[in-house]
Amino acid sequence: MSMFLSKRLLELSPYVPGEQPRDKKYIKLNTNESPFSPSPKVIEAVSDKEVADLRLYSDPDLKALCGAIANRYNVPAECVFCGNGSDEVLSFAFLAWGSDCGVAYPDISYGFYPVFAGLYGLNATSVPLEEDLSLDLTKFYNNGKMTVFANPNAPTGLCVTVEEIKKLALNNKDNIIIVDEAYVDFGCESALPLIFECENVLVVRTFSKSHQLAGARVGYAFGNPALINDLNRVKFSFNPYNVNRLSCVAAIAAVNDIDYHKACVDKIITTRNRLKTELRDLGFEVTNSYANFVFAAHKDINGREYYEKLRSNGILIRHFSVPRINNYVRITVGTDDEADTLLKATAKILNEVK
Ligand SMILES: *Cc1c(COP(=O)(O)O)cnc(C)c1O
């Protein structure tokens, strides 16, 4: 740190992403990426011509990309905003709507929410999850703050219903409700229809998890046109060309390849459900995850130790040194073969600690 750094940034703890190791080949189940390649149509779309066109700026209005998403999900194009990953969309949202009222989020949720709050100096409240790690949205009623949560939640994988979200929107009418649907394709009900009923609901999505495009950095949001205008106001004050040309054509091809997307999602759901069962058979407590990860704890081995032992077996998962979930680990659902390797290594580790 230099002596010139602003005080607010000095006090901030930046987000810590899962490792992207280069030292050796691991089975990588730590950052909720897809184990599958992008659609063949994506690979075709990123053509030599598109590469040659990199001399030109990308479209600041992202008309083709927003149009493709609007088309796919059957909403007007003016209800769609696109960003450089959903992290950027979220950060614009915090900046647009959190400054005056502050922000509230669950105590156990996506680790970036407190970071954005700190970065922008927002008054932030974290509201505890229930004892069973479920999310009770009535605790956010009329708190006078912008509310942000992930559905399914991360890293628990648990869902709330659209009915519960609607009640929250009606009981916090003067503030924005952000529903982060990074994992919604893996089995939760989407709050998308609410954008037409509730003018305070923004639904945020990403191409990183279910569309095999984490490295392309494309995220988007659905909301009524006034909210989308607010986000554009931030974007055009920050980075007008926020999504690059290659990522645009890649995301358009991905969103249009509905069959490939569905086939990949179905495989992940099948493997996830098998992992839940087989980890329970090994004595783990496993939450009822509707995401592309499972969240599990075992009474014979603490979360940190299990993480470290798997790591020395060449398997990377995620452990969070956070109160209440210290004993849990989050394991990304990979291929069936990767699940087999994980289960075998786990059985061996459990045998050693007994
Ligand atoms: C992965 C993730 C994101 C960020 O996704 P990007 O689009 O890759 O920036 C946002 N929210 C949650 C809950 C996530 O898990």
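Start at 1 and go down the list; that is how both ligands and their atoms are numbered. All values below come from the heavy atoms of this structure, side chains included, with hydrogens, waters and symmetry mates left out.
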Original post:
Relative to each other, are the rings of Tyr328 and Phe295 parallel, tilted or perpendicular (30° and 60° limits)?
Top reply: parallel
**OP:** Have a look at ligand 1 and work out which part of Asp180, if any, has a heavy atom under 4.0 Å from it: side chain, backbone, both or neither.
**Re:** side chain
Original post:
N/O of Arg217 under 3.5 Å from N/O of ligand 1, yes or no?
Top reply: yes
**OP:** Pick, from Gly111, Gly18, Pro155, Ser86, the option with the minimum heavy-atom distance to atom 6 (P) of ligand 1.
**Re:** Ser86
Original post:
Is the closest side-chain heavy-atom distance between Phe149 and Tyr113 below 4.5 Å?
Top reply: no
**OP:** Could you check atom 2 (C) of ligand 1 against the protein and tell me its nearest heavy-atom contact, residue, atom and distance included?
**Re:** Lys209 NZ, 2.5 Å
**OP:** Considering the heavy atoms of Ser208, write down every atom of ligand 1 situated less than 4.0 Å from one of them.
**Re:** 6 (P), 7 (O), 8 (O)
Original post:
Are any of the N or O atoms of Tyr110 closer than 3.5 Å to those of ligand 1?
Top reply: no
Original post:
For Phe293, is the NZ or CZ atom of Arg318 found under 6.0 angstrom from the centre of its six-membered ring and inside 45 degrees of the ring axis?
Top reply: no
Original post:
How does Glu88 reach ligand 1, if at all, at less than 4.0 Å between non-hydrogen atoms: by side chain, backbone, both, or neither?
Top reply: neither
Subject >> Lys NZ or Arg CZ of Lys267 over Phe36 ring: under 6.0 Å, within 45° >> reply: yes
Original post:
Is Gly85 in contact with ligand 1, taking contact as a heavy-atom separation below 4.0 Å?
Top reply: yes
Original post:
Quick one: are the Cys66 and Cys82 sulfurs under 2.5 Å apart?
Top reply: no
Original post:
Any side-chain heavy atom of Asp87 sitting closer than 4.5 Å to one from Tyr110?
Top reply: yes
Original post:
Between Phe207 and Tyr220, what is the ring plane arrangement, given parallel below 30°, perpendicular above 60°, and tilted in between?
Top reply: tilted
Original post:
Which bit of Tyr183 gets closer than 4.0 Å to ligand 1, counting heavy atoms only: side chain, backbone, both or neither?
Top reply: side chain
